[in-house]
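Just below is one structure, and these are the notes that go with it.
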Amino acid sequence: MRKLVVFVLAALMAAPLSAMAADAPSSQDLQKEIQQLNQQIQEMDARVSKNELHTALDRINFTGDFRTKLDSLHAKIYNLAFNPATGAPLQVASGDYNNDDMWTTRLRLNMNAKVYDNVKFMGRLSMYKLWGASTDAKVFDSWGSYTMDGSDGGNTTGDWLRVERAFFSWYDIAGSNWYLSIGRRPSTYGPPTQFRENEPRGGTPPGQLVNYNFDGISIGYKLSHLTGIDGQELHICYGLGYESQWGTGSYWNPEHSLKDTQLGGVTADLMNDGINYLQVTAFEAMNVTNGFSGQLAIPDSMLQTFGQMYGVPAFSQMGSALGNNGMTLYSRLDPTKNIGDMTLGGIDFVRQEENGINWFVSVGANRAKWNGQAGLFGGLLNGVAPSSCMPTTDQFGNTVYNFTAADKKSRYGYSVYAGIQVPAPYGKIGAEYNWGSKYWTPFDQASDDLIGSKLGTRGQVAELYYIFDINPNMFIKLDGLYYDYAYTNSNSPVGPALKISDVKKWDSATAMGNGVLLPIIDTAWDANLSLTCKF
């Protein structure tokens, strides 16, 4: 554009200059005219550049939110213990975890662009980090510390942006009531969790069953055109939870590659009239693996535990050397077994009263279908069979373990989640309660509850909060959560669910024999204060 402006102005100059050749102006007059023309060109170029930039930015709209949060975390924890001199197992030891002030920052940038009249692109970039820490791998002390594809959005990492969601949606295809959406799915912060988040509904699947990042496809149909009931929609979803044959070293041993973890399900919004919301969901995760590809830092205590459990002195020696020098073993973890299928279903009802009171009830259930396989930490909601803990030797003379699950039973889990939110001076007050049974296992690893996703708790959690609305785009939240765990391995489909009151009575050898490898949280509470700005 700038070259075009220069060319036009040069042509306009050339005509009068040639006509007035006989009466040529002085060099000073020419220099003055050139300076004036240069100034005009710069002004025009600035206006053109500004318009081009404005046009480019108009193609995509950015919104977002910024949250600063202070948490005070406290928990009663039980760990394996060994005699430091002899290595003999001792009574399971208890301890108090206290972190009086832990600060976090979360930044989320939402993207929205119109591709065509009935096609949109939407996405979200997110950063979630601790103050004073920036790392892509935490020390492995719980499944919540394990950074992987599905949990990146709610896992504190570092000062970088991740693509939490990115997808396009094609509405009213060929004038019909069908629509298609493909990409990294909006599968976090679904109903009815929007009330405690103080934001609009964030995802399609119910938050009690799914708070997990995954890539997939959704096909939808507007049932309201058939039934005449406003807001009725049907969603058929497919996704991939784990790609097993690329980047996992499968070229080395292709005949023993794992199967991909496939996800499929149906969600139906049966009622959505602005006051009442009723949703029914059912889906299945097929070929679940004993973990997902991710990064972690293995502490010296875990290496020493492995050395004790499996009789490998090298583990104990490595753990001692690392621990004495303040180091951990940084590692990528990949699954080794497909351990079965997981089926989940739920019903959610939300009512928003005209007087500002909001309340909801959500019920969920799951079934774990075991296939007999297990890894180091166990099978699908199952422990490791003691007989499979005996080492064997492979063709190269290496010591290997062929773990199998402890029994062949399917496992069933249940959960109830209820809450109410009422208007209060300058804001609102909310109370929530959830209970999960022994084998309750949702896919909610992307929740940003620091102690662990409250909705994945095998036990009960009570929450009370007050939201103070500073202005329409800014609020303060004072929140308190109390966790009372009844069984081990909450929020994980891998490993046994052991009654914590029993584990506390065991010695460490018995605990290890029953599959206890990680610290166990008995009770915990989290008092936090946050400030959120929306823009």
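Note that the numbering runs from 1 along the sequence shown for the chain. Only this structure's heavy atoms are used, side chains among them; waters, hydrogens and symmetry mates stay out.
Within the 4.5 Å cutoff, the side chain of Tyr221 has heavy atoms near those of the Leu226 side chain. Side-chain contact check for Thr488 versus Ile500: some heavy-atom pair is nearer than 4.5 Å. Under the 4.5 Å side-chain criterion, counting only non-hydrogen atoms from C-beta, Asn358 is not in contact with Val350. Residues Ile521 and Lys76 fail the side-chain proximity criterion, which asks for heavy atoms closer than 4.5 Å. No side-chain heavy atom of Ile451 sits under 4.5 Å from any side-chain heavy atom of Leu481. Looking at Pro192 and Tyr417, their side chains come closer than 4.5 Å, going by heavy atoms from C-beta outward. Considering only heavy atoms from C-beta on, Asp522 stays 4.5 Å or farther from Ile77 through its side chain. By the 4.5 Å heavy-atom criterion applied to side chains, Asn211 and Leu455 are not counted as neighbours.
Atom NZ of Lys504 has more than 12 heavy atoms from other residues, nucleotides or ligands within 6.0 Å. Residue Trp170 qualifies as open at atom CH2: its count of foreign heavy atoms under 6.0 Å is 12 or below. A 6.0 Å sphere centred on OH of Tyr426 holds no more than 12 heavy atoms belonging to other residues, nucleotides or ligands. For NZ of Lys120, the number of neighbouring non-hydrogen atoms (other residues, nucleotides, ligands) closer than 6.0 Å is 12 at most.
Between Tyr439 and Asn366, the shortest heavy-atom contact is O-ND2, 3.1 Å. The shortest heavy-atom contact between Tyr465 and Lys477 is CB-CE, 3.9 Å. Scanning both residues, Leu380 and Arg411, for their nearest heavy atoms gives O-CG, 4.4 Å. When all heavy atoms of Gly427 and Asp469 are compared, the closest pair comes out as CA-OD2, 3.7 Å.
Checking Ser224 against Gln232 by side-chain atom types alone, no donor-acceptor pair falls below 3.5 Å. Side-chain contact annotation: Ser169 with Ser181, donor-acceptor N/O pair under 3.5 Å present. For the residue pair Asn198/Lys428, the side-chain donor-acceptor check at 3.5 Å is satisfied. If you check the side chains of Arg165 and Ser126, you find no donor sitting under 3.5 Å from an acceptor. With hydrogens and angles left out, the side-chain atoms of Asp334 and Ser293 include a donor and acceptor closer than 3.5 Å. Between the side chains of Trp103 and Thr68, not a single donor N or O lies within less than 3.5 Å of an accepting N or O. At a cut-off of 3.5 Å, with distance as the only test, no side-chain donor of Ser331 or Gln295 sits close to an acceptor on the other residue. Under the 3.5 Å distance criterion, with hydrogens and angles disregarded, a donor-acceptor pair is assigned to the side chains of Glu353 and Trp359. Donor-acceptor pairing under 3.5 Å is lacking for the side chains of Gln460 and Tyr483. Side-chain contact of Gln208 with Ser415: a donor-acceptor pair under 3.5 Å is present, judged by distance alone. In this structure, a donor-acceptor pair under 3.5 Å is present between the side chains of Asp159 and Ser134. Side-chain contact of Asn112 with Thr63: a donor-acceptor pair under 3.5 Å is absent, judged by distance alone. Remark: the Thr157 side chain and the Asp136 side chain contain no N/O donor-acceptor pair separated by less than 3.5 Å.
For the pair Arg351 and Tyr277, the cation does not sit on the ring face, since its NZ or CZ is not both under 6.0 Å from the ring centre and inside 45° of the axis.
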Q.
Using side chain to side chain donor-acceptor pair (under 3.5 Å), reason through Arg106 and Thr532 one step at a time and then give a plain yes or no.
A. CA-CA 9 Å; Arg106 187 187 72 182; Thr532 301; 5.5 Å; no

(Q) The test is side chain to side chain contact (heavy atoms under 4.5 Å, CB included); show your working for Thr188 and Tyr212 and say whether it passes. (A) CA-CA 6 Å; Thr188 54; Tyr212 190 86; 5.9 Å; no

Q.
Checking Asp484 against Trp435 for the side chain to side chain contact (heavy atoms under 4.5 Å, CB included) test, could you report, in this order, the C-alpha distance in whole Å, the side-chain angles of both residues, the deciding distance, and whether it holds?
A. CA-CA 10 Å; Asp484 184 8; Trp435 167 87; over 6 Å; no

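The backbone N or O of Ile275 sits less than 3.5 Å from a side-chain atom of Asp273, completing a donor-acceptor pair. Of the possible donor and acceptor atoms, one in the side chain of Gln445 sits under 3.5 Å from a partner among the backbone N and O of Asn491. Formation of a donor-acceptor pair under 3.5 Å by the Arg201 side chain with backbone atoms of Gly203 is found in this model. The main-chain N or O of Ile357 is found under 3.5 Å from a side-chain atom of Asn355 such that the two form a donor-acceptor pair. Although no hydrogens or angles enter the test, the distance criterion places a donor-acceptor pair under 3.5 Å between the side chain of Lys337 and the main chain of Ala374. With hydrogens and angles ignored, the 3.5 Å screen pairs a side-chain donor or acceptor of Asn434 with a backbone N or O of Lys454. Under a 3.5 Å cut-off, the side chain of Asn471 and the backbone N or O of Met474 do form a donor-acceptor pair. Of the possible donor and acceptor atoms, none in the side chain of Trp178 sits under 3.5 Å from a partner among the backbone N and O of Tyr171. When atom types are taken as modelled, the side chain of Lys138 and the backbone of Thr156 share a donor-acceptor pair closer than 3.5 angstrom. Put simply, the side chain of Asp260 gets close to the backbone of Ser244: a donor and an acceptor are under 3.5 Å apart.
Here salt bridge (charged side-chain N to carboxylate O under 4.0 Å, His left out) pairs that include residues 142-153, with residues two or more places apart or in two chains, are Asp149-Arg184, Asp152-Arg162.
Partner of Arg108 under the side chain to side chain contact (heavy atoms under 4.5 Å, CB included) criterion, out of Met127, Lys534, Glu199: Glu199 alone.
Under 4.0 Å is where a charged nitrogen must lie from a carboxylate oxygen, and between Arg124 and Glu164 at least one such pair does.
With values rounded to the nearest 0.5 angstrom, Trp440 atom CH2 is found 15.5 Å from Tyr487 atom OH. Rounding to the nearest 0.5 angstrom, the gap separating the OH atom in Tyr412 from the OG atom in Ser437 is 12.5 Å. To the nearest 0.5 Å, atom CG of residue Asn110 and atom CG of residue Leu125 are 9.0 Å apart.
Below 30°, between 30° and 60°, or above 60°: for His235 and Tyr179 the angle between ring planes is above 60°, a perpendicular geometry. Ring planes of Trp525 and His74: parallel class, angle under 30° (limits at 30 and 60°).
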